[in-house]
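For reference, the structure is listed below as C-alpha cells.
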Amino acid sequence: MAYLAELGALIDHLVAALIDIPEVRYAHRESVLRRLRGHSFTRTNQFEVEDRLRGLEERFSVVGRDALAGAFRQRLDALEPHRNQFSPEVLHFILELADQPAQNSKLSDLDALVEPEEDTPPPLTWRDIAREDGWKQERDIWRFADYSVGSSDEEEVDVESETESLTTASSTEDQCERTAQDLAVTPQGNDLLQQVENAQSWRHDSAADRDRRCKKTPISTTQLLREALFMLAGLETTLFDPECNPVPRYQIRAISWESYKALVTSFAECGRKLAPLRAFTKNSAQSPLLQVFQDCLQKALHSLDLELSSIQTRLVAVKEDVVVSLMGALGELGPKLAPLYVLADIVRQVREERNPHAFRYLELLYDAVGIAQLQGDGDTYRLLGTVFFNCFQVYLKPIRLWMEEGKLLPGDRTFFVSESPTKLPLSQIWKGQFNLLRSPEGNLHAPRFLKPAIHRIFTAGKSIVVLKHMKQHESTKKYRATAEPKMDFATVCPDELELAPFGELFGAAFQAWIQSKHHTAAATLRELLFSSYALPQNLDELHYIYLMSDGAKSSSFAASVFRHMDNLSSSWRDRFTLTEIAQEAFSACVDGYRLSAEVESRGFAHSAVASRSSVRHSLPAIRLKYRLSWPVQMVVPEEGIQGYQAIFIFQLQARRAISVLQHPILALQRGDDGSGSADMARYYLLRAKLLWFCNTITTYLTTLVLAPNTARLATDLREAADVDDMIAAHAACVARVIDESCQGPKLQPIRDGVLDVFDLALRLEDAQRAETARAQEEDMEISRLSVMSSPYKSSPAKGGSKRRRVMDDDDDDDEDDEELVRERMASRRGGAVDLGKPHALVLRELHVDFERHLRFVAGGLRGVARASREEAAAKWDLLAQMLEVGIKE
Amino acid sequence: MPPNERAEKQAAAQQAVDILHEIATILNCHLDRRTLSICISMIENGVNPEALANVVKELRRHGQEAQLETATAAAAAAAASSTRRR
C-alpha cells in the first residue's frame, strides 16, 4: 500500500511536470498508472544497454562530432563510481528517450547546464592594506623611536610603538635597543596609596586595650552602607562574617549600641536569607532542569546586583545631592529582595528534602506562584511566574518528544514514562512496552500539577509508537497543522486576567497544549483500527465463531462433531479433523484459513462411551482459535478469547442436549403391555420438559444476553475516544456476558445444575435407546423361536424387518447379520449408568431429578438476583422467571 | 547514520543525478532535471524503464495537443472579441 501511495505521488509529480494544463492532468493519471502496471516489456538487459552506449559513442565519432563523443565518454566514466543496481535501468530509460543525438545535440546545451561560478573576491594582500591605510603618506610611522630616559614625549612614544607593531619591519630592532634600565618603572601615585591605606585603617585596628575589654572601632555611616551593600552582593566584608552575622567590634559613631545592633541585624537578615541562593547558583548541576533553574536564579541575583550597584553609583559618582541613609537603602532594596526570599526558601526546602526528584522545585515554584498571586504581591508573582515557565519549558521537552515522536530520551530520569527493556510482541506493545513510573509510595513520578493530564500524554505517545509500527506515522505529521500554543508567562497569565487563579490559567493553557498534540494521533489510530484493520468485522467474525451468531453454520459444526461422537469414533479428537469440520462449517462467514481447532489433553482422558454420555466430559476440551492481526489483538486480548471460549462451550453443551433430544423417537410397537404405554407417556412428558428447558436456556442466551451485549459493544466501540477506551469496552462486554450467562465463579452451582439437566437429557435418550434395543432383542428372540417352530420363513423376515426398520437398512438376512445386529444394539445401549435398572424406574428417577434440578436452578437464580447488586442480577431474575413457568407446584 | 554521513550520501546522490542529467542532455532527451529525478525515483521503485519511457512520450504528446487546443481556443476567442468590438 505504501508502494502504491508513493508511486501515485510520483506519477502526480511527473504528470504535473510534463503537462501544463491542470484540467487535463487527472485524466492522464489513471491511464499512466494502468500502463505502468500492465506492461509487457521484459527486464532491462544491462549488456544490451552497454552495447548501445558504446555504439552511440562510436556513432558520434563516425559522424564527426568528436567533441560530443569525448564529452559523452567523460560523463560515462564519471558515472562509474556512482553505479548502483538501478543504473542500467536508468540508462536504458534515457536511451529510450534519446531523440537523434548524433544530429541534434548541441554541446552548448551542456555548457548551459553548468552554473556560472561565483567570482571569488580577490584575496586581500598587504599591499592593498598599505595602499588603503596610506602608509606611504604618513611619514611619522616610519621614524625610529628614541627610548632613552628623559625623552619628553612619552605619550607619543607609546602611540608610535603601537603603530609600529602593525608593520613587520621595524619592531625587532627597537627591542634590541631597550635595556633593563629602560624597563624599570618608577611607581607613581604613592600619595594616593597612602591615602587609601589610611582610609581603610579602621579595619585593622587592634581592638585590645589595657583592661582587655574589646573596644569598639568607630565607623561612619558611609562605611557601614558600603559594607552592607558588598555583603548583599555576596562579597567578603569586614563588618559581617561569612554567615552574614554582624561583627560586634564595630559601631557607628553617635548611635547607641541597640539601635546600631538593630540596624545591622536587619541588614544581616537580608544577607542570610540570600545566602542559600548564592550558594546554590555556585554548584554545577547535571540535569538540564536544575541548570535552567540555576540560570533563572542567576538572572534574578544579577538584577539585584544591578540595583545595588546603582545605589553605589549614586554615592560614588555624586551627580546631585544625596543623603547617605541606611534606612533609605533598606527601603529601596526591600521590594527587590522580597521575591528573592521566596526563591531562597524554595532552594532551602529542596536542599532539606531527602532524595528529591529533579522536578520537586517545579512543584514548590508552582505553589509559591499561587500563594504570591493570592497575597496580591505583583512583583513576586511576575518574577516567580517567569521563572516557573522558563523551567517548565525545559520540562516540556521530553514530553514534546514523546508526544510527537513516541521516543524517550535515554537516561532521562525526570520523565514519567519508562520503556521496558525487553522487546515485546507487537500485540502487547500497547499494554506492556511503556509504563508510568511510580515512586515507592505509589505516587506518579510527575509534578502534582500535571496529574490530570498525564494519562493523555501517555496515550498520545503510545499511539504514535503504534502508528509507527503500522508505518502510518507520516500521515499524522501532515495533519498536525496547528502549531503548539506558547507556554510562557506573558501568554498564559496576561495582565487582563490578573484576577484569575494561577492554577486555572495554567491548567487551561496546558490542556490546550496537550490537545494540539494528542488529538490527531489518537484519532488517526482509531480510524485505522476501524478502517484498515477492520476491527468491527473481526469482532463480527469472532462472534460468528464463538458466540454462534449464525445458527445455521454453528449447527452444521455442532452436528458434525456430535455425529462423530455418537458413532463412537475418536476421529473428532484429532486436531486436523476438527479443524476441517470447523473450517467447512464456518467458511461462508469467516476466513477459513485463519480458523483452527484443537482438543485439549483432558479431552483424551475419557473413553468414547463416557464422553458420549455427559456434556461435561469431552465438549469442554474443544478449543477454537482464530488468528487476528496484531492491532486487533491489542483490543481483544487473550483473556477476552478465554471468555468467548467459555460461552462457546456452554452453547455447545446446550446444543448437544437439544440434538440428542431431537433424535427420531423410537416408538415401541408393543401396545399390549399397559406399562409400555405408561412408560411412553412418561417418556414423552420428560422429553417435552427437557426440550423446553434447553430451549429456554438457549433463548435466554441468544436474546437476552448475547444480542444486547454485542449491540452495546458495537456502540461503545464507535463512541470510544482512544484505544484504552476500546480495550475497556471490550473487556467490560465480555465480563458482562460471562456474568449474565451464569459462567462466572459466583454462579458455579447454578451452572452445574444446568449441566446436570443437560446430562439428564443424555441419560434419558440412552435409557430410551436401551429400552428400545432390549424390546427389539426380545422381539427377535420371540421371532427366532417362532421361526424355528413354524415352517414359514417369510413372516419372521417381514416381522423382523418392521422392527428392524429403525436399524441399518443393510441387514436383509437376519441369520447372517444377527451377530452384526447384536453388536450394534449393544453399542446403542450406551449409558452404563442405567444398565440393569427397569425402564420405568429409570424414567421416574429422571423425572424426579429434573424437577429437583429445575427448582434448584430457578430458586438459586432468584436468590442470587435478590442478594447481589450487580447489573447481571436483573437478567438472572428474568431467567428465573422463565424457568419458573415450568415448575408445577 | 550520523548527519555528516547522511549529507555525504546526499551529495553523492546529487552528483550522480547531475551526471545523468548531463548524459541525458548529450543524448538530446528533452528532459529537465526535475523530471529526470522523478523518473529515477520511479525506476528505483520498480517501474519498468521502457514502459516509463513510453508513458513520458505519450504525456508529452498529450501536453502538446492540449496546449495547441488552448492556443487555438484563445486565438478564436480573441478574434471573436475583436470582431464584437468592431
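We use all heavy atoms of the structure for the numbers below, so side chains are in, but hydrogens, waters and symmetry mates are not. Protein chains get the first letters and strands the later ones, always in sequence-line order, with residue 1 at the start of each.
Between atom CD of residue Glu22(B) and atom CG of residue Leu76(A) there is a gap of 11.0 Å, rounded to the nearest 0.5 Å. With rounding to the nearest 0.5 Å, the separation of NE2 in His21(B) from CZ in Arg75(A) is 11.5 Å. The CD1 atom of Ile23(B) lies 10.5 Å from the CD atom of Gln74(A); values are rounded to the nearest 0.5 Å. Put simply, CD1 on Ile19(B) and CG on Asp77(A) are 10.0 Å apart, with the number rounded to the nearest 0.5 Å. Residue Leu97(A) holds its CG atom at 7.5 Å from SG of Cys39(B), rounded to the nearest 0.5 Å.
Looking at heavy atoms from C-beta onward, Gln85(A) lies out of side-chain contact with Glu44(B) at the 4.5 angstrom threshold. Taking 4.5 Å as the limit, some side-chain heavy atom of Ile11(A) sits within range of a side-chain heavy atom of Met42(B). For the pair Ile40(B)/Phe86(A), no side-chain contact is recorded, criterion being any heavy-atom separation below 4.5 Å from C-beta on. Glu58(B) places none of its side-chain heavy atoms less than 4.5 Å from the side chain of Leu18(A).
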Could you walk me through whether Gln100(A) and Asn28(B) pass the side chain to side chain contact (heavy atoms under 4.5 Å, CB included) check? CA-CA 7 Å; Gln100(A) 295 189 328; Asn28(B) 199 24; 5.7 Å; no

Could you walk me through whether His82(A) and Val17(B) pass side chain to side chain contact (heavy atoms under 4.5 Å, CB included), step by step? CA-CA 9 Å; His82(A) 296 285; Val17(B) 174; over 6 Å; no

From CA spacing to verdict: side chain to side chain contact (heavy atoms under 4.5 Å, CB included), Asp99(A), Leu27(B): CA-CA 7 Å; Asp99(A) 176 20; Leu27(B) 293 182; over 6 Å; no

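Around atom CZ of Arg59(A), no more than 12 heavy atoms belonging to other residues, nucleotides or ligands sit under 6.0 Å away.
For the set Gly63(B), Ala51(B), Gly46(B), the entry with the most heavy-atom pairs within less than 4.5 Å of chain A is Ala51(B). Counting heavy-atom pairs under 4.5 Å between each of Asp32(B), Val47(B), Thr35(B), Leu20(B) and chain A puts Leu20(B) at the top. Of the listed residues (Ala12(B), Ala13(B), Ala24(B)), the one with the most heavy-atom contacts under 4.5 Å to chain A is Ala12(B).
Heavy atoms only, all atoms of each residue included: Cys29(B) and Ile94(A) are closest at SG-O, 3.4 Å. Looking at every heavy atom in both residues, Arg34(B) comes nearest to Ala17(A) through NH1-CB, 3.8 Å.
Scanning residues 33-50 of chain A against chain B with a 4.5 Å heavy-atom cutoff picks out Arg35(A), Leu36(A), His39(A), Phe41(A), Thr42(A), Thr44(A), ordered by number.
Residues that satisfy the side chain to side chain donor-acceptor pair (under 3.5 Å) test with Gln67(B), not counting sequence neighbours, are Asp20(A).
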